[in-house]
Amino acid sequence: MSYTIHPTAIVDEGAQIGEDTRIWHWAHVCGGAKIGARCSLGQNVFVGNKVEIGDNVKIQNNVSVYDNVTLEDDVFCGPSMVFTNVYNPRSAVSRKDEYRDTLIKKGVTLGANCTIVCGVTIGEQAFIGAGSVVNKDVPAYALMVGVPAKQIGWMSEYGERLQLPLRGKGEAKCPHTGTIYVLQDNTVFKKEVGNEY
């Protein structure tokens, strides 16, 4: 396998790292971690033992991916964003057997300095704005901002805001790619050529 590890980075024995992945300055990858191909782990990134990271994931500087977090393919983690894995931590109380699973699905963007409270699932291609705090599940393609995060719209796979209502029915075109997205039953999906809704 060909991957790049900066001399200051620590990759513990047993870690699985995919082809063409780059691990930069002062990062630490624990031995149980599984990291896919073509990923980039920025300066001061930490990856725990019970972590799975898909292909083409970008983790910017100062992000810790703790145990029980799964990042699917094409996830973007902005600088200094935060994951947790214990819901009610206390220094004097050990809760290592109470870690909650967090699932970040394919293509999600997690903006700089946002916080993802453990135990949530963020749907495919969702977009979490900088500084937001996510404490509940997020639908696919949703645009979320604020503390706590609230949905204010929908985003295309290219990262362009879609002119769709939050609820009900609608159809919108990505301003960049021309791909058509359909809102139906409060769910957004791409319109496939030849399909009628």
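Within a 6.0 Å sphere centred on CD of Gln163, heavy atoms belonging to other residues, nucleotides or ligands number 12 at most. When the shell of 6.0 Å around CG of Asn88 is examined, it contains more than 12 heavy atoms from other residues, nucleotides or ligands. Residue Arg167 qualifies as enclosed at atom CZ: its count of foreign heavy atoms under 6.0 Å is above 12. Atom NZ of Lys58 is surrounded by more than 12 heavy atoms from other residues, nucleotides or ligands within 6.0 Å. Taking a 6.0 Å sphere around CZ of Phe76, one finds it holds more than 12 heavy atoms contributed by other residues, nucleotides or ligands.
Closest of all the heavy-atom pairs between Tyr3 and Gly18 is CB-O, 3.7 Å. Between Ser132 and Ala149 the shortest heavy-atom distance is CB-CB, 4.2 Å. Between Tyr181 and Lys190, the closest heavy-atom pair is CE2-CG, 3.3 Å. What you find for Cys39 and Gly54 is that their closest heavy atoms are SG-O, 3.0 Å. Shown here for Val182 and Lys191, the closest heavy-atom pair between the two residues is CG2-CB, 3.8 Å. Across all non-hydrogen atoms, the minimal contact from Glu171 to Ile180 is CG-CG2, 3.4 Å.
Side chain to side chain, Asn56 and Asp74 meet the donor-acceptor criterion of an N or O pair below 3.5 Å. Side-chain contact annotation: His25 with Asn61, donor-acceptor N/O pair under 3.5 Å absent. With hydrogens and angles left out, the side-chain atoms of Asp101 and Asn68 include a donor and acceptor closer than 3.5 Å. Side-chain contact check for Glu157 and Tyr141: at least one donor-acceptor pair (N or O, by modelled atom type) lies under 3.5 Å.
Side-chain atoms of Thr4 never come within 3.5 Å of backbone atoms of Arg22 as a donor-acceptor pair (strictly under, hydrogens ignored). Side-chain atoms of Asn186 come within 3.5 Å of backbone atoms of Gly168 as a donor-acceptor pair (strictly under, hydrogens ignored). One N or O on the side chain of Asp67 and one on the backbone of Asn49 form a donor-acceptor pair closer than 3.5 Å. Side-chain N or O atoms of Asn113 include none that pairs as donor or acceptor with a backbone N or O of Ala130 at under 3.5 Å. Between the Trp154 side chain and the Pro165 main chain, a donor and an acceptor come within less than 3.5 Å of each other. Judged by distance alone, the side chain of Glu72 and the main-chain N or O of Lys106 form a donor-acceptor pair under 3.5 Å. The backbone N or O of Gly36 sits less than 3.5 Å from a side-chain atom of Thr21, completing a donor-acceptor pair. Remark: the backbone N or O of Cys174 is not paired with any side-chain donor or acceptor of Thr177 at under 3.5 angstrom.
In the hydrophobic clustering of ILVMFWY residues, with side-chain heavy atoms under 4.5 Å counting as a link, Ile53 and Ile5 come out together. Linking ILVMFWY side-chain heavy atoms closer than 4.5 Å, directly or via other members, places Met155 and Met81 in two distinct hydrophobic clusters. Linking ILVMFWY side-chain heavy atoms closer than 4.5 Å, directly or via other members, places Trp26 and Ile35 in two distinct hydrophobic clusters. Hydrophobic clustering places Val138 together with Val120 (ILVMFWY residues linked when any side-chain heavy atoms are closer than 4.5 Å, directly or through intermediates). Val134 and Leu143 fall into different hydrophobic clusters, where Ile, Leu, Val, Met, Phe, Trp and Tyr are joined by side-chain heavy atoms under 4.5 Å apart, directly or via other members.
Using a 4.5 Å heavy-atom threshold, the side chains of Tyr66 and Thr84 count as separate. Using a 4.5 Å heavy-atom threshold, the side chains of Asp12 and His28 count as touching. Under the 4.5 Å side-chain criterion, counting only non-hydrogen atoms from C-beta, Ile122 is not in contact with Lys105. Using a 4.5 Å cut-off on side-chain heavy atoms (C-beta onward), Leu71 and Ile59 make contact. At a threshold of 4.5 Å between non-hydrogen side-chain atoms, the residues Val188 and Leu164 count as touching. In this structure, the side chains of Phe189 and Gln184 come closer than 4.5 Å at one or more pairs of heavy atoms. Looking at Gln125 and Phe127, their side chains never come closer than 4.5 Å, going by heavy atoms from C-beta outward.
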Apply side-chain contact (heavy atoms from CB on, under 4.5 Å) to Ile116 and Val133, showing your working.
CA-CA 6 Å; Ile116 310 302; Val133 176; over 6 Å; no

Please report the C-alpha distance between Arg38 and Glu19 in whole Å, then the side-chain angles of each, then the deciding distance to 0.1 Å, and finally whether the salt bridge (charged side-chain N to carboxylate O under 4.0 Å, His left out) criterion is met.
CA-CA 6 Å; Arg38 301 176 313 284; Glu19 193 84 15; over 6 Å; no

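Evaluation of the salt bridge (Lys or Arg N to Asp or Glu O under 4.0 Å) test over residues 128-150, restricted to residues two or more places apart or in two chains, returns none.
Under the 30°/60° scheme for interplanar angles, the aromatic rings of Tyr158 and His176 are found to lie parallel.
With rounding to the nearest 0.5 Å, the separation of CD in Glu124 from CD1 in Ile104 is 12.5 Å.
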